[in-house]
Amino acid sequence: MLKERTEARVMSRTNPLERIRNIGIIAHIDAGKTTVTEMILHHSGRTYKIGRVDDGTTEMDWMDQERERGITITAAATSCDWREHRINLIDTPGHVDFTAEVERSLRVLDGGVVIFDGVAGVESQSEMVWHLADKYSVPRICFVNKMDRVGANLLRTVDMMKKRLNANVGLTQLPLGSESSLTGIIDIIEEKAYVFSGELNSEPTEIPIPDESRDMAARHRRALIENLAEADDEIMLAYIADEEIDATSIKAGLRRATISARIVPVLCGSALKNTGIQPVLDAIVDYLPSPLDVPPIHGFAPGSALEELRYPDDNAPFSALAFKIVTDPFVGRLVYLRVYSGRIKSGAQVYNAVTGKTERIGRLYQMHANDRVEIPEIEAGSIAAAVGLRNASTGDTLCDAKRPIILESITFPEPVISVAIEPKSRGDQDRIVDALAKLSEEDPTFKVQYNQETGQTLISGMGELQLEVIVTRLLREFKVKAKVSRPRVAYKETVTIPARGEGRFVRQTGGRGQYGHVWLEIEPLQPGTGFEFVNRIQGGVVPREYIPAVETGVKQTLAEGVIAGYPVVDVRAAIVDGSYHEVDSSEPAFKMAGAIAARECVRKAAPVILEPIMKLEVTTPQEFLGDVIAGLNARRGNIDGIEPCDALTVIQCYLPLAESFGYATDLRSISQGRASFFMEFDRYQAVSKELADGIVEKYRAWR
């Protein structure tokens, strides 16, 4: 439930653009993102108490399910101040089912703080979010958390970052003490040590670097300067001239190298023990970019290939990207915006360059998780939420109608798992339709389809946990009573050889008849290509105005394959011949002819069923390795590699999605709860004839 306060002051540019930091907290699940965020908010004065994930009392994990499960499900936005800088912060989920939340957050942020578990090091989801940050060219700093735990090793984690992430790491801190004896951090740049008492409101105490750590600190400082000299010209000139490079120069050079993505500064500490959080805030201010430090946003004028730029300036034409939709029971539809240029007041009209519609902004809010503060306007470089934009969707561009621009949207992966959901009573029917529509608006990876033949509503997503969360929200938030089936796999079909087929649709009913006649050729394409339609008609044997109808008929047929009714993908269909009647030919007739020809082609083209294959990474203690591998083999897993990692072993494997259901429970049972896994969609792959026969039988029984 959202809470509301009204801010009385008049909004002005109290935070110059150079003093704004738009950042995200990203990491693998359980690395400590939310705990780090809670500590940041406390030390910056944004909150006065510390919530605990285990107790379900955190500010940022405000949803009931987040508190019950102890994980972040939805990205939560907030803001705080540090050293006269405004930090707009988004705490993102770490579970792979909710990677879309990370992606759309990184799309609109200027910098990131990547959290690593000091014991586990670089984990699977760490790699995924790292590559997403690479995709959107987001500069980042790293914080190696949980350095107070048994087995924590900063240098091992740094080495994993170099090898697995190909990161050019700039180590700026060392732990003072180790594991349970961790007391503080050593600042390599300042050549000082800081002791943290663990008390929430206490400041770190500066002390000289202990004698036993001086050589190590000096060695890493030289390595940092040498690394920085290779990445920054100013430091290089000073280094070659054998000049003394002081802390101020190192920080300035490190900021330039971080913003240009040539170096990633690394810090360490323990959020739970309140160790090293203030230096993280300092690093956010010192090293991560302001809106002025990143390149201007690129876009295109609607209907034009001419590229346009928008600079972060309050006086520039207004442009903003809608990156998140939330349905609130009190204020309605909240649209989260990142403003790239210009400024806009509540009540003003904005132009949606994607839909071509003009809408009026009702109210504007500065968000703090589920708390909202009403503000009169938003300016360039800001992140805020708006009420009143009924037609805006995730990825839409809102702009000045006189200077329209379409910014790069956000692409999301297709769902790979489905369940059937049905209302328990007729009275729930309308409510479930409305609730599913709102939920699909919030989550672009959540899809809803209605099968008219079976009368079932299918909901699809990226994993079991995502669908489980959505179903729980239906029951709790929207008060819908529904029945849910076991998850179903989103199989597909494709062809393996070229084929040629004829489609003839002739009807004579006394008056004007129906006549459509086409020849199609179909051929397989590379996996992931999709569908292509080609017009190879010569001599006008089929008039041009009927070609789109043929394509429509082909698409409708390919939506349900000939083996088990699954969509046919990765094919090219070409119309090569045909005939028409001057009186009886029509678009519906050629649409039917195209559908008939497409079905005949697919039957001749040796069709096969494709199943989704997941990339699986299992981390297990060595003593359970044999049992884990045996379990994967029993599930048709294909072991790709086994990598020792201290006392643990990492298994790289490819596993059919159909065999993955219930694997979490089995793995916990095999390993006494000590093994973990990460899974993501990799590709579609043809199944054997025996498996295909079983799939067809299940499909027919389901129908």
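This one's a predicted model, so the numbers in the text were calculated from it and none came from an experiment.
Using a 3.5 Å distance cut-off with no hydrogens or angles, the side chains of E408 and H298 do not pair a donor with an acceptor. Residues S44 and D81 bring no donor and acceptor atom of their side chains to less than 3.5 Å of each other. For the residue pair S197 / S202, a side-chain donor-acceptor distance below 3.5 Å is found, with atom types taken as modelled. For the residue pair H43 / N274, a side-chain donor-acceptor distance below 3.5 Å is found, with atom types taken as modelled.
Under a cutoff of 6.0 Å and an axis angle of 45°, R683 and Y654 form a cation-pi pair.
By the side chain to side chain donor-acceptor pair (under 3.5 Å) test, Q622 pairs with T649, sequence neighbours left out. With sequence neighbours left out, E127 forms a salt bridge (Lys or Arg N to Asp or Glu O under 4.0 Å) with R164. Residues forming a salt bridge (Lys or Arg N to Asp or Glu O under 4.0 Å) with E123 (at least two apart in sequence, or on another chain): none.
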Can I get a per-line list of side-chain donor-acceptor pairs under 3.5 Å for residues 246-254, giving both atom names and the distance, sequence neighbours left out?
| from | atom 1 | to | atom 2 | distance (Å) |
| --- | --- | --- | --- | --- |
| D246 | OD1 | T248 | N | 3.4 |
| D246 | OD1 | S249 | N | 2.8 |
| D246 | OD1 | S249 | OG | 2.8 |
| K251 | NZ | E190 | OE2 | 2.8 |

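Remark: aromatic rings of Y663 and F677 are close, center separation under 6.0 Å.
Listed by first and then second residue, the salt bridge (charged side-chain N to carboxylate O under 4.0 Å, His left out) pairs that reach into residues 262-284 are R83-D282, sequence neighbours excluded. Within the structure, side chain to side chain donor-acceptor pair (under 3.5 Å) contacts touching residues 169-182 (residues at least two apart or in different chains) do not occur.
Aromatic ring pairs are classed by plane angle as parallel below 30°, tilted from 30° to 60° and perpendicular above 60°; the pair Y336 and F323 is perpendicular.
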